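Notes to accompany the following structure.
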Amino acid sequence: MKTFNDFEKKIIQEISKSPINEITDVKNILEKIFFNKSEGKAIIIQLNEQYAMYFLSVEIFDDVDKRKTAIQEFSQFVTVLNYLDSHGYISIFRNNHYVRERVSFISNEFINPRIENKKLVLNNEGLHSIKPEEIKNKNGVVLYKGIEFNDSFFIIKNMIGKLLISDRIFGLIKSFEPQTEEIIKPKTNFFHKFHLLSLIPAFLLLCLTGIFFIHHHKKTQQLLQKYDSIIPHKKSIVTTPTKVAIKKYGIDISRWNGNVLNHTLPDSLSFVICKATEGLTLTDPMFRLNWLRIQKMNLKRGAYHFFIIEDSPVKQAEYFWSRIKDRNNNDFPPIVDIESGSTNSIPNPSTIQKNLLAFITHLENLSGVRPIIYSSYYYANENLTNKLFSRYPLWVADYDSKIQPKVPNVWKDKGWLLWQKTSSFKVNSILTDLNVLNQKKN
């Protein structure tokens, strides 16, 4: 289990104070515990331009040590949200995974933000911004200064949408309590010493036996060598080599990773998987460009569909397939991504499994190959318990393991094909997910 520092523990404890198993806006919780006037912090996320401006009060910003601490806390805060979401303690999702809003404003001081007279008005008390990196009051006095974060994908993923808190979070909090264990040292008395002394003759006998064995073994080896020299040699036995697991690395991308394929990729990468579609009507605006670029780069490619549980599974499969019909046998099979963001309501495992099975069955009929299922270890263990899913290759997200990922129960015997190992792999300063491909080779 991850070790949390005091700040991270405080964040988790504050989150747990919100209603359990009730859907609420992520924004409300963020403003309650982090982005508010008393903390001196706010954030504006520019979705189209894909950057975030993290604002600190002038008092914090102008003090180098306070500013450094505030930046560290922001990073830890987003990381904690991602950890809780990926481990099933909370679920962060959006009514539509494909974000249409241009800007997201997070602060309890931001009320009805709007553009007036070529300036961004943030509330009715005169709080406003003319420069992207400054927020002023109605008298023109700078109250906040901003720090730009270009890697907004990780921020968008964890800070925009709806939130559902599981009661499992209380078990995590309980683990914060110090574990004390009383160590009882055995007393050494006369009888104990006498018992130890009685073992000395047995130890000497064991040593003598060992010396005799070594001497006898050498004699036996000499006789075998002499025997071997006078008989013809037999043909050597050829054994079949065992299968060795070969690991290859790749990334998965969507519009939120920008033009990452415009850059030269590291030689260690051998495949790229890109988002194609979502729900019934949405196609990632970067899909066709990414899809063709991957092929020109002579890399193995894959395409995934973000599954929406409430939408018709058959129509989703047909829509996805209509966008990737030009795939070839060198590509990965079609991939379906199912996770906490796949629903805008409290997850119902029965509905999830029925609809997902309908989707992958229809997609398999359309494509002629078995689709790959992407999910996190924790989400799959709770919601994908039907053994029929084991027919399909697994792409598992597990950011904790170092050598091998944790495999959901349904796939325990079959194992994993792809492992999303981390969400913070950088390609020319652009954050992406790093994946491992597990192959077998004779």
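Computation of the quantities below employed the complete heavy-atom set of this structure, encompassing side-chain atoms and omitting hydrogens, waters and symmetry-equivalent molecules. Computed from a predicted model, the values in this text were never measured in an experiment.
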* Does Y83 have its ring centroid less than 6.0 Å away from the ring centroid of F4? -> yes
Under 3.5 Å donor-acceptor, [X] side chain and [Y] backbone:
{"X": "S375", "Y": "I338", "answer": "yes"}
{"X": "S175", "Y": "L172", "answer": "yes"}
{"X": "N28", "Y": "E31", "answer": "no"}

So which atom in [X] and which in [Y] form the shortest heavy-atom distance, rounded to 0.1 Å?
{"X": "L269", "Y": "L299", "result": "O-CD2, 3.7 Å"}
{"X": "R255", "Y": "D284", "result": "N-OD2, 3.0 Å"}
{"X": "S270", "Y": "K248", "result": "OG-CB, 3.4 Å"}
{"X": "K421", "Y": "K402", "result": "NZ-O, 2.7 Å"}
{"X": "L384", "Y": "L356", "result": "CD2-CD2, 3.7 Å"}
{"X": "P333", "Y": "I372", "result": "CD-CD1, 3.7 Å"}

* Sequence neighbours left out, what passes side chain to side chain contact (heavy atoms under 4.5 Å, CB included) with T351? Give chain and number order. => I309, N348, N355
* Asked: Mind checking what makes side chain to side chain contact (heavy atoms under 4.5 Å, CB included) contact with D311, not counting sequence neighbours?
  -> L280, I308, Q316
Heavy-atom neighbours of [X] [atom1] exceed 12 at 6.0 Å:
{"X": "E116", "atom1": "CD", "answer": "yes"}
{"X": "E125", "atom1": "CD", "answer": "no"}
{"X": "K296", "atom1": "NZ", "answer": "no"}
{"X": "K414", "atom1": "NZ", "answer": "yes"}

* Asked: Regarding K300 and the six-membered ring of F332, is the cationic atom NZ or CZ under 6.0 Å from the ring centre and inside 45° of its axis?
  -> yes
* Structure fact -> The single option from I335, I373, L437, L417 that satisfies side-chain contact (heavy atoms from CB on, under 4.5 Å) with W395 is I335
Donor-acceptor side-chain pairing of [X] and [Y] below 3.5 angstrom:
{"X": "Y319", "Y": "T283", "value": "yes"}
{"X": "D252", "Y": "N435", "value": "yes"}
{"X": "W291", "Y": "D326", "value": "yes"}

* V103 versus Q46: any side-chain heavy-atom pair under 4.5 Å? -> yes
